[in-house]
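Each remark here refers to the structure printed beneath this line.
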Amino acid sequence: MGVEETVTRTDAETVHSVADGRAGRVALVTGCSSGIGRELALRLHEGGYRVFATARRPETLEGLTGKGIGTLELDVTDGASVDAVVASVRAAAGRIDLLINNAGYGAMGPVVEMPLAEVVRQFDTNVYGVVRLVQACAPLMRGQGGGVIVNIGSCSGILPTPFSGVYCASKAALHALDEVLRMELAPFGIQVMSVQPGAIESSFGDNAEASLARTLPPESMYAALREQILRRARASQSHPTSTAQFVTTLIAYLDRERLPPVVRIGKGHLGMPLLRLLLPARVREWLLGRVFGLRRARGAET
Ligand code: NAP
């Protein structure tokens with residue numbers, strides 16, 4: 001038997017066993033109206049999962065329904081909505097093998113001027129939303145003997161930058177929760193993987209820019225830096241990693257028996273953590289201050 005033949009057969013067997021392993025596995029994904037969540041729903045479905053894709057606005061899911069994907073309305077900030085969705089999936093499929101907490105957005109703007117209601121909204125979505133879903137799904141996973149929870153964090157949670165403080169804080173909080181959930185849920189066969197994307201192509205920049213309209217006051221202390229603030233809101237969409245590439249890499253991890261605790265994927269996923277690790281705080285903050293033009297902020301007063 002030649003090497004080529006051996007390799008071909010091994011690959012075919014691998015593909016076969018991966019497809020077998022996924023067949024019938026039930027996945028629940030949040031935030032599927034666009035970007036990463038939508039691509040995940042499509043690709044998991046193509047890969048053999050029974051997918052339940054969710055979004056706040058059901059009309060955004062019509063394209064997925066047409067492909068045979070289960071779709072449900074879900075606002076992660078609404079506990080009743082979370083409970084109803086988990087009950088619906090349980091009634092329809094009897095189990096949830098994979099929960100992907102993807103829904104989220106970036107509240108951008110200087111921390112000192114961020115309306116408290118927006119800070120609360122940011123944490124309600126990016127942090128408490130995840131807690132709601134985990135609390136609703138974990139008992140079901142425990143009863144079925146295990147499951148996988150994937151929480152979409154961010155490299156921004158590792159390297160906080162000016163004008164994105166509340167978003168970065170929400171993702172840092174999520175990363176801390178991931179660590180504890182991993183330890184607390186391991187005895188029940190539930191694995192928790194923290195996915196920390198770099199810059200990925202999606203509607204994130206548009207939504208982040210829209211958040212500025214709610215948060216940045218016309219008389220901002222940082223009026224001189226409006227351009228930099230806007231640039232930070234849109235930063236992830238400047239030459240990002242494609243959604244397809246990101247999702248391909250993520251899904252490959254899901255086929256492993258034992259998931260890695262933390263996975264970083266996409267543009268900047270090495271550089272941002274390295275800057276955090278290697279540069280002393282003073283140097284890092286001086287550098288970021290220069291990049292974001294903070295010395296010019298005082299110019300707005302004169
Ligand atoms: P996106 O295209 O804007 O998608 C975000 C999704 O979250 C949308 O479906 C949005 O729904 C949904 N969402 C927001 N608030 C929600 C709520 N209260 N309830 C339910 N769904 C809600 O951006 P994305 O890049 O794919 O974002 C997905 C995740 O990746 C987020 O957690 C984000 O923080 C993270 N991330 C993204 C990047 C990046 O560069 N793109 C980098 C790091 C981390 P609506 O359409 O209703 O708003």
Side-chain angles (χ1 to χ4, degrees), residues 35-36 104-127 152-177 194-241 262 264-302:
I36 293 170
Y105 75 99
M108 297 290 161
V111 176
V112 289
E113 294 177 342
M114 177 89 47
L116 200 63
E118 187 61 34
V119 179
V120 170
R121 185 169 179 262
Q122 176 75 114
F123 275 74
D124 207 9
T125 306
N126 292 8
V127 184
I152 307 290
S154 173
C155 284
S156 296
I158 306 164
L159 182 75
T161 54
F163 312 136
S164 63
V166 173
Y167 174 63
C168 296
S170 75
K171 292 298 186 180
L174 179 58
H175 297 171
L177 282 172
S194 171
V195 175
Q196 300 171 0
I200 315 299
E201 174 193 19
S202 74
S203 302
F204 187 89
D206 292 340
N207 289 329
E209 191 177 335
S211 85
L212 276 178
R214 295 193 298 268
T215 59
L216 198 62
E219 70 290 358
S220 171
M221 285 161 63
Y222 300 89
L225 300 181
R226 225 165 254 281
E227 269 308 304
Q228 278 83 353
I229 296 171
L230 187 61
R231 210 179 322 136
R232 174 59 189 92
R234 299 213 58 87
S236 69
Q237 299 308 301
S238 163
H239 308 293
T241 296
V262 177
R264 295 185 183 134
I265 309 166
K267 186 189 162 200
H269 81 276
L270 285 176
M272 289 172 78
L274 263 183
L275 279 178
R276 172 86 209 179
L277 195 70
L278 298 180
L279 296 184
R282 268 184 212 285
V283 178
R284 195 174 63 235
E285 287 164 20
W286 174 83
L287 196 67
L288 287 170
R290 278 192 79 88
V291 168
F292 286 88
L294 278 165
R295 274 190 316 182
R296 287 197 283 121
R298 283 184 70 106
E301 291 173 1
T302 53

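- For the atom pair CZ of R121 and OG of S170, the computed distance is 12.5 Å after rounding to the nearest 0.5 Å.
- Shown here for S211 and A107, the closest heavy-atom pair between the two residues is OG-CA, 3.7 Å.
- With hydrogens and angles disregarded, a donor-acceptor distance shorter than 3.5 Å links the side chain of Q122 to the backbone of Y105.
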Report task. Any chance you could lay out the side chain to side chain contact (heavy atoms under 4.5 Å, CB included) test for V166 and F123, step after step, and finish with the verdict? Result -> CA-CA 8 Å; V166 173; F123 275 74; 4.2 Å; yes

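- Between I36 and F204 there is no side-chain heavy-atom pair separated by less than 4.5 Å.
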Report task. Please assess L294 against Q228 for the test side chain to side chain contact (heavy atoms under 4.5 Å, CB included), listing each intermediate value before the final yes or no. Result -> CA-CA 9 Å; L294 278 165; Q228 278 83 353; over 6 Å; no

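- In this structure, E113 contributes its side chain and P217 its backbone to no donor-acceptor pair below 3.5 Å.
- Counting only distance, with no hydrogens or angles, the side chain of Q237 and the backbone of I200 share a donor-acceptor pair below 3.5 Å.
- Between the CZ atom in R231 and the CZ atom in R226 there is a gap of 15.0 Å [rounded to 0.5 Å].
- Distance check, rounded to the nearest 0.5 Å: CD1 of I265 to OG1 of T241 gives 9.5 Å.
- A distance of 11.0 Å separates CZ of R296 from CZ of R290, quoted to the nearest 0.5 Å.
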Query - CA sep, side-chain torsions, deciding dist, call: I152, Q196, side chain to side chain contact (heavy atoms under 4.5 Å, CB included) - result: CA-CA 6 Å; I152 307 290; Q196 300 171 0; over 6 Å; no

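- Pairing each heavy atom of C155 with each of R264, the nearest pair is SG-CD, 4.4 Å.
- Using a 4.5 Å heavy-atom cutoff, the side chains of V127 and K171 are not in contact.
- The minimum heavy-atom distance between K267 and H239, with the atom names listed, is CD-O, 2.9 Å.
- Heavy atoms only, all atoms of each residue included: I158 and R276 are closest at O-CD, 2.9 Å.
- Shown here for G104 and T125, the closest heavy-atom pair between the two residues is CA-CG2, 4.0 Å.
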Query raised in the report: Please walk me through it: do N126 and L174 pass side chain to side chain contact (heavy atoms under 4.5 Å, CB included)?
Result: CA-CA 8 Å; N126 292 8; L174 179 58; 5.9 Å; no

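- The distance from atom CD of E227 to atom CG of L230, rounded to the nearest 0.5 Å, is 6.0 Å.
- Here the rule is side-chain contact (heavy atoms from CB on, under 4.5 Å) with F292, and of L225, I229, T161, L287 only T161 fits it.
- Remark: R295 CZ to W286 CH2 distance equals 8.0 Å, nearest 0.5 Å.
- For the pair C168 and R232, the tightest heavy-atom approach, listed with the atom from each and the gap, is SG-NH2, 4.5 Å.
- Inter-residue side-chain proximity for T215 and P115 is flagged as met; some heavy-atom pair is nearer than 4.5 Å.
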